[in-house]
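Worksheet: one structure, shown below.
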Amino acid sequence: MGAGPVRKVARELRDCGATVPVVVCDRNETRAEQLRADGIEYGYGWVDDSRLVSRVR
């Protein structure tokens with residue numbers, strides 16, 4: 001199961017400059033590592049405290 005082209009969309013959002021993408025990949029740590037390698041600053045794997053992610057601005 002997936003959520004579509006997550007990496008592509010995150011890069012497009014970052015590149016347009018209108019927002020900062022925050023992506024939580026659940027247990028897919030490989031995807032989170034790929035996002036960070038793509039320059040997505042807020043690419044997370046499993047997050048125990050979802051309040052942490054909601055505070056990212």
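For reference, positions follow the sequence shown, starting with 1.
Residue pairs meeting the side chain to side chain donor-acceptor pair (under 3.5 Å) criterion with at least one member in residues 9-22, sequence neighbours excluded, are Lys8-Glu12, Arg11-Asp38.
Contacts of Ala32 classified as side chain to side chain contact (heavy atoms under 4.5 Å, CB included), with partners at least two apart in sequence or in another chain: Cys25, Glu29, Arg36. Residues forming a side chain to side chain contact (heavy atoms under 4.5 Å, CB included) with Glu41 (at least two apart in sequence, or on another chain): none.
With hydrophobic clusters built from ILVMFWY side chains whose heavy atoms lie under 4.5 angstrom apart, Trp46 does not share a cluster with Val6.
To the nearest 0.5 Å, the span separating CD1 on Ile40 from CZ on Arg7 amounts to 9.5 Å.
Two residues are said to be in side-chain contact when any heavy atoms from C-beta on lie closer than 4.5 Å; Tyr44 and Leu35 fail this criterion. Within the 4.5 Å cutoff, the side chain of Val23 has no heavy atoms near those of the Tyr42 side chain.
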